[in-house]
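Okay, structure first, notes after.
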Amino acid sequence: MAGTRTVTYELGTPAVDAQGRPAREPLTVVGDGEIAGDRMLINIGPQHPATHGVLRLVVELDGEVVVRVIPHVGYLHSGFEKLGEYRHYNQIIPLTDRTDYLASMSNNVGLALAAEKLMGIEVTERCKVLRVIACEMSRIISHCVWAGTTGIDLGAFTVFLWLFQERERLYDFIEAWTGARLTTSLTRVGGLMADVPDGWTDGLRRWCGRFPPVLDEIEAMLSKNSIWLGRTVDVGVMSAAEAINWSLSGPMIRASGVPFDLRKDRPYLGYETYDFAVPVGEHGDVYDRYLVRMEEMRQSTRIMLQALDRLPDGPINVSDPRVILPAKSRAMSDMEAMIFHFKQVMEGVAAPIGEAYQAVEGPRGELGTYFVSDGTAKPVRWRIRPPAFINLAALPKMSEGHLLSDLIAINASVDIVMGEVDR
Amino acid sequence: MPANHSVATLQARFGDAVRHAFVSCGDTVVVIAAARVHDALAWLKSTPGEQYDYLVDLTAVEYRDRERPLEVVYQLWSLERKVLLRLKVELPKDQELEVDTVTDLWAGADWLEREVWDMFGIRFRGHPDLRRILMWENYAEGHPLRKDFPLRGRFSRAEQTRQALSGDLEAHYSLEELAIKDVTP
Amino acid sequence: MDVKPDAATGVVTSSPNWLTTRLDFLVNWSRRNSLWPMPFGTACCAIEFMATAASRYDLARFGMERQAFSPRQSDVLICAGRLPFKLAPVIRKIWDQMAQPKWCISMGACASSGGIFDNYAMVQGIDTIVPVDVYVPGCPPRPEGLLYGILLLQKKIAGESVFDPTLRVEKLADSSGLFLEPATVDELSEPFGNSVHQTRSA
């Protein structure tokens with residue numbers, strides 16, 4: 001471009017050591033120092049409605065154009081992984097509710113699958129199908145929040161109200177099943193906390209019939225809306241190669257054209273036997289991510305209907321008394337059952353020495369759990385592979401060169417949940 | 001379950017640098033010398049037949065047995081061949097906890113390595129910006145996920161509150177502090 | 001109006017009469033029915049806060065129509081979610097930026113006491129940092145729970161008096177940077193219940 005000049009500064013970063021002194025040499029300005037006055041440095045967050053949680057963005061602006069954005073995370077760091085080393089495997093399950101709190105059941109399933117892989121436990125058929133239903137319900141409620149909050153960020157408030165009403169209807173089902181709306185603690189190692197109540201499957205089937213028209217209404221409002229298109233098309237583009245290099249996952253990588261979905265590529269819970277499509281975008285912009293997520297909600301409904309049809313009767317828990325608590329009535333009357341109950345509650349279930357990594361396709365991407373066990377009932381290491389954290393790292397790459405309002409749209413499209421980013 | 005064929009090819013290519021390999025719960029794990037891990041990962045990423053082009057995760061493990069070295073764990077996935085591989089590097093505690101960065105291979109490793117530095121104190125040679133990411137930058141209590149770090153931290157709650165409240169909210173807010181690198185388009 | 005210092009505290013208050021009680025009623029009625037919340041939403045409780053603000057539970061009918069994300073324009077700080085130490089100076093700054101009269105609702109177990117996160121990273125209750133008026137327990141509290149907490153705050157405001165200067169006193173940090181005595185902070189942060197026992201790693 002004609003008429004521009006290049007000013008080079010020494011590249012440095014604001015690192016400080018433990019005494020607060022800068023760990024790197026101060027910068028020297030080479031060239032015309034006047035240009036420093038043309039830039040503006042603003043701080044977005046950590047308390048801000050449009051950051052989707054406690055995310056801090058330090059943005060350097062040239063007018064309205066974002067020259068540089070530095071995300072600061074860690075404002076919700078809760079020490080989950082440290083806590084996990086002090087808890088039995090079943091006691092970690094309530095912790096997983098609170099990492100990705102928009103899709104708690106998905107997290108619960110992810111952890112249970114990893115613990116079962118570590119311990120070599122195969123769950124029952126009914127448990128598998130119910131877990132699939134739980135995962136897909138979580139995907140839908142997470143995408144509902146995503147669509148609602150992205151709509152708010154871009155000025156479309158109605159989406160929020162409509163989708164939160166659908167979320168409330170799903171919350172009714174979740175609450176009937178687990179007792180809680182949000183912090184579900186659904187799974188146990190070897191099974192589930194409880195079976196679904198009577199009439200639950202019929203109610204959910206009716207809901208699945210009534211949900212796609214709601215999505216139709218929202219798509220009628222947004223998908224061909226010139227304002228929406230203007231705000232999202234060609235904004236925040238990531239090419240397929242870049243998406244792979246930045247280890248993106250979930251709708252972020254699929255919108256960039258890479259058909260990577262764990263339900264198809266590393267199937268678990270029998271996903272290979274379900275008939276569903278994985279939406280893959282082309283351009284890797286915010287609009288494609290919106291289309292991918294809307295379609296994923298439809299496909300999730302499709303999977304849920306298939307799962308409801310094939311839900312077999314039978315127990316939800318494995319019949320191994322060393323792993324699953326006995327029924328309370330038996331624990332109170334039968335000596336052996338009481339001893340099993342005592343051992344599990346007081347000592348936990350010991351996992352064999354080894355390590356296991358198991359990932360599920362969460363709403364945000366590859367939600368992995370890595371356990372390292374030393375033969376005790378508490379893991380040596382519990383690592384959550386956080387899709388939102390890794391996706392968020394690409395935010396500077398996607399937004400530099402765009403406008404400030406595009407930065408908000410791109411940040412919304414990453415679909416972060418800070419509980420998972422910061423753990 | 002048979003081990004991933006990459007175990008044999010890695011052993012053929014890197015010889016003694018491959019310390020040992022095993023299968024745990026169906027996952028293939030290869031332990032490799034710290035000095036060669038960058039070469040090994042670059043080779044695994046680009047060689048036809050391996051093509052581990054996707055870095056799934058990068059983390060570290062410290063065992064309860066104090067004698068065991070720290071491990072840096074690289075989880076790799078081949079999008080084309082749909083195969084997982086786990087690489088590990090052992091870092092004895094009596095030496096410098098350092099390993100080469102892989103940010104030149106995968107941009108996604110940037111924040112992952114910063115988190116390992118923050119939580120474990122393992123340095124990554126050549127990382128462009130190795131700062132703490134989850135704790136605040138001048139966090140004085142140490143590296144939280146180390147086993148000698150107590151669950152509730154080293155300081156009293158009042159001291160932790162005091163140190164937290166004295167954090168500078170305006171940090172990295174001034175243009176003088178921030179570096180800018182301009183490049184012509 | 002009789003104005004006399006209170007014998008025990010020395011604070012100057014007025015004895016209530018018809019005029020002051022009517023004025024108090026008017027002021028408190030208008031304040032409590034138009035509380036603009038400052039939603040300091042951090043974690044899961046923030047989602048339940050959003051659900052409370054959405055159609056089914058609808059905060060707007062309690063006067064909380066305008067979610068003021070600017071502290072300058074809000075009345076009640078609702079800390080919805082856990083507060084790690086890194087976020088502590090942020091909430092204090094937000095609290096300081098709010099103009100009087102202001103109140104604080106601590107929503108959820110984590111904001112009230114640290115919740116299940118009794119570890120190095122978590123503030124064990126925001127009351128070690130900001131003064132709290134209503135604690136809403138729950139993990140997360142149901143929307144009805146939060147609404148009950150808001151109604152309790154409204155009741156508390158109804159019992160206030162414009163002529164009581166102690167209500168609007170801002171407590172500043174002492175020389176060490178804390179807002180409470182260190183011993184008080186330690187005592188408030190002590191582990192209780194299961195936390196006392198769940199400290200063994202192996």
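Sequence lines set the chain letters: A, B, ... in the order given, protein chains first and strands last, and positions in each chain run from 1. Every value quoted in this text rests on a predicted model; they were computed, and no experiment measured them.
Neither the backbone nor the side chain of Arg132(B) comes within contact range of chain A; no heavy atoms are under 4.5 Å apart. Only the backbone of Ala60(B) has a heavy atom closer than 4.5 Å to any heavy atom of chain A. For chain A, the nearby parts of Leu112(B) are the backbone and the side chain; heavy atoms of each come within less than 4.5 Å. Contacts of Arg383(A) with chain B are made by side-chain atoms alone, with heavy-atom separations under 4.5 Å and no backbone atom involved.
Partners of Val31(B) by side chain to side chain contact (heavy atoms under 4.5 Å, CB included), not counting sequence neighbours, listed by chain and number: Arg19(B), His20(B), Phe22(B), Lys88(B), Glu90(B).
Ranking Val73(B), Leu84(B), Val61(B), Leu151(B) against chain A, the residue ahead of the rest is Leu151(B), based on heavy-atom pairs under 4.5 Å. For the options Leu248(A), Ile353(A), Asn391(A), heavy-atom pairs under 4.5 Å to chain B are most numerous at Leu248(A). Ranked by heavy-atom pairs under 4.5 Å with chain A, the first of Val56(B), Leu55(B), Ile133(B), Asp53(B) is Val56(B). In terms of heavy-atom pairs under 4.5 angstrom with chain B, the leader among Ala393(A), Gly401(A), Gly354(A) is Ala393(A). Among Lys82(B), Gln75(B), Arg86(B), Met135(B), the residue with the largest count of heavy-atom pairs under 4.5 Å with chain A is Arg86(B). Comparing Glu242(A), Arg381(A), Glu81(A), Glu366(A) by heavy-atom pairs within less than 4.5 Å of chain B, the highest count is held by Arg381(A). Contact tally against chain B (heavy-atom pairs below 4.5 Å) for Leu76(A), Asp265(A), Leu118(A), Leu83(A): the top residue is Asp265(A). Options Thr59(B), Asp110(B), Leu105(B) differ in how many heavy-atom pairs under 4.5 Å they form with chain A, and the most are formed by Thr59(B).
The side-chain tip of Lys45(B) points at the ring of Trp106(B) from less than 6.0 angstrom away and within 45° of straight on. With Tyr52(B) as the aromatic partner, Arg81(B) meets the cation-pi criteria of under 6.0 angstrom to the ring centre and within 45 degrees of the ring axis. Cation-pi geometry between Arg36(B) and Trp43(B) is not met: the NZ or CZ atom fails to fall both under 6.0 Å from the ring centre and inside 45° of the normal.
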Test ring-ring contact (aromatic ring centres under 6.0 Å, His included) on Phe124(B) and Trp117(B) and set out the steps. CA-CA 8 Å; Phe124(B) 288 87; Trp117(B) 158 244; 9.0 Å; no
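Residues of residues 416-423 of chain A having a heavy atom under 4.5 Å from any heavy atom of chain B, listed by number: Val421(A), Asp422(A), Arg423(A).
Between Glu361(A) and Arg254(A) there is a salt bridge, since a side-chain N of the basic residue sits under 4.0 Å from a carboxylate O of the acidic one. Ionic pairing of Asp148(B) and Arg154(B) is present here: one or more N-O contacts between side-chain nitrogen and carboxylate oxygen are shorter than 4.0 angstrom.
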